[in-house]
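To find a chain, count down the sequence lines: A is the first, B the second, and so on, and within it residues start at 1. Note that this is a predicted model, so its numbers are computed, not measured.
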Amino acid sequence: MQTEFSSEQQLLRDVVSRALRDKSPPGAVRELMASDRGYDPAVWQELGAGAGLAGVHVPEAWGGAGGGPVELGIVAEEMGRTLFCGPFFASAVMAGNALMEAADESARAELLPGVASGSVIAALVLDDLNSPAAVGGSLRARDDGRLAGTAAIVVDAHVADLLLVVARTGPDLGLHAVGSGAPGLEIEPLQVVDPTRKLSRVTFAGVPARPIGTVGGEALNRTWDLMSSALAHEMIGGAQRLFESTVAYTKERFQFGRPIGSFQALKHRCADLLLEIELARAVTHHAARCLAAGEGEPWAASMAKAAAADAFMSAARAGIQLRGGIGFTWEDDTHLWFKRAKSSEVLLGTPAIHRERMMTMLEGAA
Amino acid sequence: MQTEFSSEQQLLRDVVSRALRDKSPPGAVRELMASDRGYDPAVWQELGAGAGLAGVHVPEAWGGAGGGPVELGIVAEEMGRTLFCGPFFASAVMAGNALMEAADESARAELLPGVASGSVIAALVLDDLNSPAAVGGSLRARDDGRLAGTAAIVVDAHVADLLLVVARTGPDLGLHAVGSGAPGLEIEPLQVVDPTRKLSRVTFAGVPARPIGTVGGEALNRTWDLMSSALAHEMIGGAQRLFESTVAYTKERFQFGRPIGSFQALKHRCADLLLEIELARAVTHHAARCLAAGEGEPWAASMAKAAAADAFMSAARAGIQLRGGIGFTWEDDTHLWFKRAKSSEVLLGTPAIHRERMMTMLEGAA
Amino acid sequence: MTPEQIRREVSAWLDANWRIDRPLLEWRNILLEGGWAAPHWPEEWHGRGFTLDQAMVVSEVFREMDVVPAAQVGPRGLASETILACGSDDQKERYLKPILTGEDTWCQLFSEPGSGSDLAGLSTRAEFVDGRWIINGQKVWNTSAHHADFGLLVARTDRDVPKHQGISYFLLDMRQPGVEARPLRQMNGHQSFNEVFMTNAVVSPEDLIGGEGNGWHVAKTTLSFERRGFSRRVRGSSLDGPKQGPIYEEYEEELRIAAEPYTWYPQREGRVDLVLPRARETGAIHDPAVRQQIAKLICLHSGARLAADSAEAGRRAGTTEIIPAGSIGKLAASVIARQASHVHTMISGADALLSGPDSAADGMIAEVLVSVPAISIAGGTDEIQRNIISERVLGMPKGYRADQGPFRDIKRNA
Amino acid sequence: MTPEQIRREVSAWLDANWRIDRPLLEWRNILLEGGWAAPHWPEEWHGRGFTLDQAMVVSEVFREMDVVPAAQVGPRGLASETILACGSDDQKERYLKPILTGEDTWCQLFSEPGSGSDLAGLSTRAEFVDGRWIINGQKVWNTSAHHADFGLLVARTDRDVPKHQGISYFLLDMRQPGVEARPLRQMNGHQSFNEVFMTNAVVSPEDLIGGEGNGWHVAKTTLSFERRGFSRRVRGSSLDGPKQGPIYEEYEEELRIAAEPYTWYPQREGRVDLVLPRARETGAIHDPAVRQQIAKLICLHSGARLAADSAEAGRRAGTTEIIPAGSIGKLAASVIARQASHVHTMISGADALLSGPDSAADGMIAEVLVSVPAISIAGGTDEIQRNIISERVLGMPKGYRADQGPFRDIKRNA
């Protein structure tokens with residue numbers, strides 16, 4: 001198992017970081033978050049397809065770059081830094097991993113190249129976003145094979161070409177492919193706390209669908225782990241960036257004749273925050289390495305999701321508090337990271353849910 | 001229901017406070033905690049009997065001073081300030097309340113006057129000290145009426161004249177009176193974390209006992225609440241005293257050419273601690289008032305026990321940390337309060353147990 | 001006068017004068033002439049020299065009889081009390097009456113982008129040129145400034161003395177070309193505050209209050225009224241339930257406008273009231289990890305309420321000082337709001353992604369999540385409260401001050 | 001030399017010289033003469049001028065062949081490295097050899113009751129009288145001082161210069177009437193440290209090291225070795241498992257004495273290793289509230305271990321600075337120990353009242369509860385670590401210093 005990044009991985013990080021600095025500045029984030037679509041197709045084309053980011057974790061045989069969870073984490077972390085607005089998380093992370101873990105060989109061969117190249121935007125439709133154990137309560141394949149039920153929250157469904165739906169099929173869960181124009185399919189955009197992550201409610205009123213795989217417990221849990229690891233990386237990137245800008249602000253802002261960063265209360269808060277982020281980053285990078293190697297603690301991804309979420313929220317709270325009133329305004333950028341922190345904290349399970357999941361893997365259910 | 005202390009109650013506090021300043025200075029605490037007996041009979045005679053503290057909460061009909069949970073709390077709080085070493089908590093608080101809540105009328109009339117006057121030292125024997133729901137798992141009255149089983153931890157049993165034993169009697173719990181010299185009774189002093197609170201293991205190998213009452217669920221819970229409220233008061237007294245001495249220390253101690261109390265990190269920690277203690281004190285005083293009035297939130301005592309324990313531990317940790325190395329030495333008095341805080345945190349249930357108990361009263365079991 | 005005498009007198013006067021079909025302004029003029037608009041004020045200024053307790057009796061009778069009182073909500077209360085305490089007779093003559101009648105609205109122009117916690121570090125300049133004060137600078141966090149007629153303004157008139165000494169306090173006419181108020185949007189989408197830009201705005205010499213260089217003292221007077229809740233009366237001023245009658249419509253509109261900036265304040269405090277209903281509704285009440293956090297929240301909330309009651313009793317008895325008790329309460333409110341937000345997040349889980357009317361509790365949970373950060377900043381940050389508590393309650397030594405000596409030499413934001 | 005060459009050479013030498021029936025001192029003298037006692041030291045001082053990596057190869061061979069090494073455990077390592085780095089040839093001549101042979105034991109005399117976090121604020125005086133230094137003052141937290149032959153002493157030789165400049169560093173003979181070491185008991189009952197009282201203790205001029213007034217520089221050298229773990233080598237020095245033979249008995253006794261002050265250190269760190277076994281044993285592993293806290297602990301503990309590994313890799317690669325990484329690790333250890341203590345308390349419940357061999361985990365849980373407070377104090381408090389992290393890692397501005405100018409004018413403890 002890896003313990004450090006390879007030089008190729010460092011290089012990937014540098015390239016992605018530079019590209020995002022150009023393509024995802026705060027101004028662009030604000031513009032896109034105010035739009036209905038929520039992303040810039042030209043940028044998506046350039047980064048997802050051109051730079052190959054949409055398939056960074058997909059084997060070359062299926063049109064990807066041949067990386068794995070570690071490379072996916074690097075890209076997610078850098079995207080998290082800049083609050084990149086685009087279907088990367090929905091399509092590459094969620095749908096891409098679900099295809100790799102649960103689709104039949106033929107469906108993978110057919111569908112993955114499009115997702116990996118970024119030319120197809122896919123969305124993974126789950127009827128629960130809190131815990132893999134709760135998936136399958138609402139969506140089902142009827143006896144005639146058509147899908148029924150509602151997914152209350154789906155990331156980026158409103159721009160997806162392809163929906164991958166996990167629905168109950170008899171006693172099992174099945175993975176189903178649905179085109180965005182399928183009859184009986186309704187996609188309603190939702191009002192959201194974090195406008196950089198667009199969500200929809202997706203209702204299936206007897207929608208024709210193609211079954212493309214069985215989602216066993218192991219596949220579902222591994223998909224959840226892969227998504228959680230990537231999200232943890234995204235959060236660490238956001239936490240780190242916000243933390244850096246907050247520390248910088250305390251050096252520039254004067255009150256009482258001194259930079260506020262010279263007040264010990266702020267210094268110590270920043271030191272504690274550094275520690276929290278460092279530890280969360282360590283477990284997050286470790287989670288991706290465990291998943292890549294298929295060894296290590298089975299609970300590493302849940303541990304990372306919980307730690308990264310807590311660290312990002314701490315950074316977000318401090319980011320606003322240390323800026324004072326200005327940090328609470330719409331004009332200041334801090335709230336963009338705060339809202340991303342809040343949405344990431346609850347997406348795929350709160351820290352408490354992941355800690356309980358972790359303990360279940362470690363010791364069995366309570 | 002009271003919302004403030006009456007002038008009589010204020011007077012009681014002043015009298016007790018003055019007496020304890022004289023009779024329970026740190027030097028005496030150190031001497032008594034190093035002794036096997038753990039208390040000074042002359043001081044106990046003077047305060048428990050002479051000043052009437054042992055019966056402060058006992059109706060006058062049974063030889064007490066006619067106060068209730070509020071007066072008991074005042075005495076416990078002042079004793080907590082000075083870490084008073086004596087059988088007050090075991091005899092007056094634990095045994096006294098058990099007698100009042102669960103003994104038959106005749107047993108009360110017979111036994112309470114001795115306990116209330118301090119001439120009889122009683123100890124309440126429970127086979128679980130974590131939760132009322134767990135009481136009754138080990139001690140039982142055999143068919144011949146004799147007691148069998150072990151109480152792993154009993155406060156001050158080693159100096160008790162009278163043991164009041166809660167033991168399973170058929171399907172119910174019964175209260176039993178046992179003399180300290182009864183055959184088959186074994187009292188083994190235990191090594192303890194907090195040497196100001198002496199504990200023993202008490203084993204019953206067919207001990208003759210007199211049944212003096214039935215301990216129903218309500219009586220057991222109310223006894224537990226009364227004990228928890230008194231213990232919360234004791235903790236608040238300790239927390240407040242330690243906090244005051246810690247703040248005073250930061251004003252006197254110089255490092256880097258300044259009193260350490262001028263460093264913002266220490267100032268803010270003290271401000272947060274003040275807040276924590278103030279809120280815990282408010283719920284603690286409220287708990288006694290609810291118990292006295294028989295109204296208010298049924299969970300008030302558990303809320304107080306949890307809040308006071310957390311506040312006392314915070315004060316204890318800060319007490320050592322802000323003193324630095326000297327605070328970790330045996331010579332310094334801080335560890336006496338730290339150990340009392342730790343023992344009080346777990347006696348009668350940890351904060352987590354009381355929070356769950358509180359929620360059960362509020363909403364039913366999880 | 002005994003409470004009973006006051007009751008009799010005010011009731012008799014109201015029986016004779018109160019009518020729900022009068023226009024609001026007409027009624028208020030009658031109220032002022034009758035001397036019942038501000039009974040705790042001195043007799044020469046529309047009052048009766050009542051104690052606050054006596055005045056409370058008058059308010060009680062007003063409430064019982066559903067009588068519309070004098071205008072007092074929002075920053076108006078700060079303005080009138082400050083002018084009464086520190087103003088000249090001429091200023092009282094000109095400003096007090098139209099405040100009580102509701103004709104004039106006011107705003108507070110204290111904070112600046114460069115001086116938030118450090119209010120006395122303000123740098124808006126007031127220069128005396130050709131017999132008038134010329135004001136240049138920017139203020140921020142000004143509730144109601146976009147529709148206020150006048151502003152309570154602190155500005156620097158001397159940069160060569162220590163910072164607290166070079167400040168003067170002005171009554172600024174907001175309806176002049178040199179003053180521009182721009183609404184400021186918050187991260188929760190509300191617009192409760194403004195930025196106010198002053199470009200060669202003009203103040204006549206008779207609108208300097210308290211004397212040149214004495215502005216910090218006057219500002220502290222205003223702040224003490226603010227701490228005592230004079231700017232928040234709006235919440236307690238509403239009549240019980242909607243009343244029928246033309247005068248009520250005018251009055252309710254006045255209250256609505258005054259209350260508008262504060263609609264999200266309950267969310268800022270964490271909506272503890274929604275925690276148990278939401279936990280029951282979602283089933284989270286059965287989750288032991290959530291139960292621990294709810295119990296902690298209830299404990300903090302109960303403790304703060306009980307401690308505040310006790311402090312209030314102490315204040316009435318004269319044994320508790322206002323400022324430290326206020327700081328403890330404010331710090332408690334921050335802790336509670338953060339814990340409430342944490343608990344709401346745990347309860348909602350993924351549903352916390354959503355906002356708006358279709359989301360949990362009619363969108364209120366989402367608003368809690370993005371409003372709570374304000375509670376630990378507005379009205380004095382947690383850090384400032386901890387300074388106050390440690391220095392004024394605990395007597396811990398002040399740290400080093402880097403802002404002594406002439407203002408012009410103090411390092412500050414560009 | 002390549003690792004293989006080193007291996008061959010040292011193995012050949014050991015084959016010829018190592019015997020388990022020699023007295024320990026005799027063996028160490030042979031070891032020194034052979035030049036294998038401290039191979040990373042220069043050739044003129046018992047060494048071979050090896051790099052640390054080369055020296056590691058020698059250590060490996062020693063371990064593989066169960067060979068007793070030179071004495072290096074405890075404060076001895078600090079003394080020898082400091083003397084080697086800053087001492088005169090005469091000092092090296094006199095002191096280095098008996099350290100390596102184990103004949104002399106040393107202690108560190110730095111901290112004082114009046115200067116803990118503020119080490120440079122020390123006030124022990126050294127005055128030059130009649131050709132000798134006369135020492136008066138008190139030290140504290142001196143591990144091994146009660147049996148040490150010599151002490152590394154910092155004392156103030158000039159009170160009229162700024163505090164860092166007036167300090168000198170001495171090699172103090174502990175076996176003189178003016179020096180008294182008294183064991184100091186901790187709250188957990190152990191006696192790991194001493195107080196050392198110096199009353200007209202004498203140091204000859206040739207035992208001043210690094211020059212008069214240069215003591216702070218020398219002290220920083222010692223501290224940098226301490227941070228790099230030279231005083232803790234004791235834990236890694238033990239041979240694998242007990243070995244038979246007279247020399248091993250002598251050596252194990254030396255290690256036992258050196259290790260004695262540290263027996264409670266694992267408890268100070270919270271005994272994370274005991275958490276899951278205890279939770280299983282008590283059934284607390286099924287309590288969801290406890291599970292949350294255990295998960296948090298495991299997460300912190302894993303994070304700290306992984307971050308330390310990563311920092312260590314960075315240090316080897318030369319990309320991580322030692323001091324900040326050490327501060328982060330030390331602060332993490334505090335957080336972890338507190339959480340572990342909290343979890344152990346939850347798991348034990350009322351059983352946490354008990355201590356001693358009959359209590360939980362052979363008394364180790366009780367010892368955790370009363371030892372954990374030390375982790376956030378010893379070796380630099382949490383507050384000092386946060387200062388270091390914020391200033392050196394984050395580059396945040398230093399606060400005001402009240403301890404500049406001549407030492408005699410600095411306010412300090414009586």
Give each N or O donor-acceptor pair spanning chain D and chain B at a distance under 3.5 Å, with atom names and distance to 0.1 Å, or state none.
residue  : atom : partner  : partner atom : Å
D:Pro113 : O    : B:Arg253 : NH1          : 2.7
D:Pro113 : O    : B:Arg253 : NH2          : 3.1
D:Gly114 : O    : B:Gln255 : NE2          : 2.7
D:Gly116 : N    : B:Gln255 : OE1          : 3.0
D:Ser117 : N    : B:Gln255 : OE1          : 3.1
D:Asp118 : N    : B:Gln255 : OE1          : 2.9
D:Asp118 : OD2  : B:Phe256 : N            : 2.8
D:Arg185 : O    : B:Trp330 : N            : 2.8
D:Met187 : N    : B:Phe328 : O            : 2.7
D:Met187 : O    : B:Lys339 : NZ           : 2.7
D:Thr345 : OG1  : B:Lys342 : NZ           : 2.8
D:Ala350 : N    : B:Asn130 : OD1          : 2.8
D:Leu353 : O    : B:Val193 : N            : 2.9
D:Ser355 : N    : B:Gln191 : O            : 2.9
D:Ser355 : OG   : B:Val192 : N            : 3.4
D:Ser355 : OG   : B:Val192 : O            : 3.0
D:Ser376 : O    : B:Gln321 : NE2          : 2.8
D:Ser376 : OG   : B:Gln321 : OE1          : 2.7
D:Glu383 : OE1  : B:Gln321 : NE2          : 2.9
D:Tyr400 : O    : B:Arg258 : NH1          : 3.4
D:Asn413 : OD1  : B:Phe254 : N            : 2.7
D:Asn413 : ND2  : B:Phe254 : O            : 2.7

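- Heavy atoms closer than 4.5 Å to chain B are found nowhere in D:Leu119, neither backbone nor side chain.
- Every side chain to side chain contact (heavy atoms under 4.5 Å, CB included) that B:Ala308 has, sequence neighbours left out, goes to B:Ala232, B:Met235, B:Ile236, B:Thr284.
- Looking at heavy atoms from C-beta onward, D:Leu353 lies out of side-chain contact with B:Val193 at the 4.5 angstrom threshold.
- Note: D:Gly349 leads D:Gly349, D:Pro357, D:Ala120, D:Ala289 in heavy-atom pairs under 4.5 Å with chain B.
- Interface residue D:Ala374: backbone and side-chain heavy atoms are both found under 4.5 Å from chain B.
- Between D:Ala402 and B:Gly257 the shortest heavy-atom distance is CB-O, 3.7 Å.
- The ring-ring contact (aromatic ring centres under 6.0 Å, His included) test applied to D:Phe110 returns D:Tyr169, not counting sequence neighbours.
- For chain B, no part of D:Pro288 is nearby; none of its heavy atoms comes within less than 4.5 Å.
- Using a 4.5 Å cut-off between heavy atoms, B:Phe338 contacts chain D through its side chain alone, with no backbone atom that close.
- In this structure B:Ala341 satisfies the side chain to side chain contact (heavy atoms under 4.5 Å, CB included) test together with B:Phe312, B:Met313, B:Ala316, sequence neighbours excluded.
- Neither the backbone nor the side chain of B:Ile353 has a heavy atom closer than 4.5 Å to any heavy atom of chain D.
- Both the backbone and the side chain of B:Leu129 come within less than 4.5 Å of a heavy atom in chain D.
- Of the two parts of B:Leu190, only the side chain, counted from C-beta on, holds a non-hydrogen atom closer than 4.5 Å to a non-hydrogen atom of chain D.
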